[in-house]
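Step one of this worksheet: look at the structure below.
Note that the structure is predicted; figures quoted are calculated from it, not measured. Side chains are part of it too, since the values below use all heavy atoms of this structure and drop only hydrogens, waters and symmetry mates. Note on naming: letters A, B, ... go to the chains in the order of the sequence lines (proteins, then strands), and numbering restarts at 1 for each one.
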Amino acid sequence: MSDLAQQRVSAILKAVRGIKRGTFASYGEVARRAGLPGRARLVGTVLRDSGDMKSLPWHRVTGAGGRIAFPVGSRPAREQIRRLEREGLKARGNRVVQKPSAASPRTLDALLWKL
DNA sequence: CGGGTGACAACGT
DNA sequence: AACGTTGCCACCC
């Protein structure tokens, strides 16, 4: 593997390790944090090939908007959701639900209009 | 060189 | 909400 490629892999793994417990980040977000905007696919490739399912918080990486990237009901999908729930997050179907603190438009309206 | 394939994303219909 | 397109990029045939 070329040095450049290895550097990118390191940057991505570092970004993944940097996702705090109880939170999650999309592939695209991880790519941006690794200094590789637009390369979400590369993040998936790296995770797939990394093999370190043991030491990496791979379960904190989701598709855009918290969508689980694995097929619904598949082994890895269930495992990922199980791990995320163990960290206090909740999932509905194949999607990680935002924390209650996240303001929905309705809630924002309520705040702005003091209702 | 050309075509297909991904743990993806954004946008349009 | 569900697809189809396009952009992206590393790899493999």
Spacing of [X] atom [atom1] relative to [N] atom [atom2], expressed in whole Å:
| X | N | atom1 | atom2 | value |
| --- | --- | --- | --- | --- |
| A:Phe70 | B:dA7 | CZ | P | 8 Å |
| A:Leu84 | B:dA7 | CG | C1' | 14 Å |
| A:Arg75 | B:dA7 | CZ | P | 16 Å |
| A:Glu29 | B:dA10 | CD | P | 10 Å |
| A:Ile68 | B:dA9 | CD1 | C1' | 16 Å |
| A:Asp49 | B:dT5 | CG | P | 18 Å |
| A:Arg33 | B:dA9 | CZ | P | 13 Å |
| A:Tyr27 | B:dA10 | OH | P | 14 Å |

Checklist outcome for this item: Taking every heavy atom of A:Ile68 against every heavy atom of A:Gln80, the minimum-distance pair comes out as CG2-OE1, 3.6 Å
Checklist entry - For the residue pair A:Pro71 and A:Ala77, what are the closest heavy atoms and their distance? => result O-CB, 3.4 Å
Checklist entry - Pairs in or reaching into residues 27-37 of chain A: which pass side chain to side chain donor-acceptor pair (under 3.5 Å), with residues at least two apart or in two chains? => result A:Glu29-A:Arg32, A:Glu29-A:Arg33
Item to check | Check: A:Arg60 side chain, A:Ile19 main-chain N or O, donor-acceptor pair, under 3.5 Å | outcome: yes
Look for any protein N or O under 3.5 Å of an N or O in nucleotides 8-10 of chain C and output each such pair with its distance, or none.
| from | atom 1 | to | atom 2 | distance (Å) |
| --- | --- | --- | --- | --- |
| C:dA10 | OP1 | A:Arg8 | NH1 | 3.2 |
| C:dA10 | OP1 | A:Arg8 | NH2 | 2.9 |

Checklist entry - Testing A:Arg21, A:His59, A:Lys20 for side-chain hydrogen bond (donor to acceptor under 3.5 Å, both in side chains) with A:Glu87, which one passes? => result A:His59
Item to check | Side-chain touch A:Leu89/A:Val97, heavy atoms, less than 4.5 angstrom | outcome: no
Checklist entry - Distance check: side-chain N/O of A:Thr62 vs OP1/OP2 of B:dA7, anything under 4.0 Å? => result no
Checklist entry - Distance between the P atoms of C:dG7 and B:dA7, in whole angstroms? => result 22 Å
Checklist entry - Taking the same atom, C1', in C:dC8 and in B:dT5, what whole-Å distance lies between them? => result 13 Å
Item to check | Audit row: A:Arg78, A:Phe70, side chain to side chain contact (heavy atoms under 4.5 Å, CB included) steps and yes/no | outcome: CA-CA 9 Å; A:Arg78 290 193 319 256; A:Phe70 300 105; over 6 Å; no
